[in-house]
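See below for the structure under consideration.
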Protein chains: 2
Amino acid sequence: MQIGELASKCGVRIDTVRYYEKQKLLIPSGRTEGGYRIYSGVALRELRFILRAKSLGFTLKEIQELLTLKIDRENQPCSSVKELAETKIKDIEEKLAELGRIHQALTGITEACCGGEEPATACSILDALDKEDS
Amino acid sequence: MQIGELASKCGVRIDTVRYYEKQKLLIPSGRTEGGYRIYSGVALRELRFILRAKSLGFTLKEIQELLTLKIDRENQPCSSVKELAETKIKDIEEKLAELGRIHQALTGITEACCGGEEPATACSILDALDKEDS
DNA sequence: CTTGACCCTAGACTTAACTCCAGGGATAGG
DNA sequence: CCTATCCCTGGAGTTAAGTCTAGGGTCAAG
């Protein structure tokens, strides 16, 4: 697969793919004689992962760290991999908790909305978040 | 409370607070005679919310939408509020699912790491994600 | 062997979200 | 009153993450 197909399959521009390569995030598996980049199915999965991680607030640098997190006993001390992974897990757990709270708050708002006949008082997401603090 | 205290309580620069004001995200409750901005406890909660939402991949514009999501039967058609909230809930549910998958994958990696004596084969986050696809 | 769709590089430009700077006013302590 | 520390505005500069442009090669179909 060449760059145009990869890009359109993921809904990004060709330049973005080349930009990710410059950032060492997405390396093509090879080149044609004429210099065209060639991508495999792995690149497709990687690019999709990059895009989803990005939408979750990870920077490209963090995504690169996630992608290069590998257990490979031959070459790397297990402990360093594990340490980095555990740091990332903590970050992600915080994000999960926070997203969960926002989700609860929003659900609370929509439920209060048109739920009954009594006049629902004005209610902001901040108020709803407070109710979840318990 | 004035701007410096607010900023330092949240670990951001004064300029950032003023920038959020320019973006209509964080309006001071008033000004002193001399023109200094005054903030209440609400601003503190708002600023903290903004920062946490930002770390979850929301843009300032999206955060503004979240913050102005209010149920106020007197002034706004309930349905429009509800609609926007429901869109946001869907976004958030997708993010939750994706974060959950990444969390699972990372946990899988650390568990495989140093878990037993058999030589763990090289394992990337992408492989771990695949295992969670079932 | 040319035409059109695709690709290449290098570098300039854009956008969001800050961050800094210049020049100057406000306020509290000594 | 003087000085230090805070704050003000307007505007320029920075960083991350693209996006675009110029000028030019590649390749399959006709």
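The structure displayed is predicted, hence computed values, not measured ones. A, B, ... follow the sequence lines: proteins, then strands. Residue 1 opens every chain.
Residues A:Gly34 and A:Tyr20 each lie close to DNA chain D; by heavy-atom proximity, the contact nearer the 5' end of the strand is made by A:Tyr20. Comparing B:Glu33 and B:Ile50 by the nucleotide of DNA chain C that holds the closest heavy atom to each, the one mapping nearer the 5' end is B:Ile50.
Here the side chain of B:Thr32 is nearest to one of C:dT27, D:dC7, C:dA16, namely C:dT27.
No hydrogens or angles were tested; on distance alone, a donor-acceptor pair under 3.5 Å links the side chain of B:Tyr36 to the base of D:dC6.
The pair A:Arg101-A:Glu98 meets the salt-bridge criterion, since a charged nitrogen lies less than 4.0 angstrom from a carboxylate oxygen. Salt-bridge formation is not detected for the pair B:Lys24/B:Glu65: no Lys NZ or Arg NE/NH1/NH2 atom is positioned less than 4.0 Å from an Asp or Glu carboxylate oxygen. Salt bridge status for A:Asp15 with A:Lys22: absent, with no side-chain N to carboxylate O gap under 4.0 Å.
A:Arg13 has its CZ atom 14 Å from the C1' atom of D:dT21, to the nearest Å. Here D:dA16 presents its P atom at 12 Å from CD of A:Glu62, a figure rounded to the nearest Å. Residue B:Tyr19 contributes atom OH, which lies 16 Å from atom P of D:dT15 at whole-angstrom precision. As rounded to whole Å, 13 Å separates atom C1' of C:dT15 from atom NZ of A:Lys54. Atom CG of B:Leu60 and atom C1' of C:dC18 are 9 Å apart (whole Å). Distance, B:Asp15 CG to D:dG10 P: 14 Å, rounded to whole Å. Across the protein-nucleic acid pair, A:Leu25 atom CG and D:dA16 atom C1' stand 12 Å apart, rounded to whole Å. Rounded to whole Å, the distance from CD on A:Glu21 to P on C:dA10 is 11 Å.
Within 4.0 Å (heavy atoms only), B:Lys61 reaches no atom of the nucleic acid at all. Within the 4.0 angstrom heavy-atom criterion, only backbone atoms of the sugar-phosphate kind lie near A:Gln2; the bases stay farther away. Across all strands shown, B:Arg18 has heavy atoms under 4.0 Å from base atoms, whether or not it also approaches the sugar-phosphate.
Contact between the side-chain N/O atoms of B:Lys22 and the OP1/OP2 oxygens of D:dG10 is not found at any separation under 4.0 Å. Contact between the side-chain N/O atoms of A:Thr16 and the OP1/OP2 oxygens of D:dA17 is not found at any separation under 4.0 Å. A:Arg31 has a side-chain polar atom (N or O) that falls below the 4.0 Å cut-off from OP1 or OP2 of C:dT9. Distances shorter than 4.0 Å separate some side-chain N or O of A:Arg37 from OP1 or OP2 on C:dC8.
A cation-pi contact, defined as under 6.0 Å to the ring centre and within 45° of the axis, is absent between B:Lys9 and B:Tyr39.
Heavy-atom neighbours of A:Glu83 CD from other residues, nucleotides or ligands within 6.0 Å: at or below the threshold of 12.
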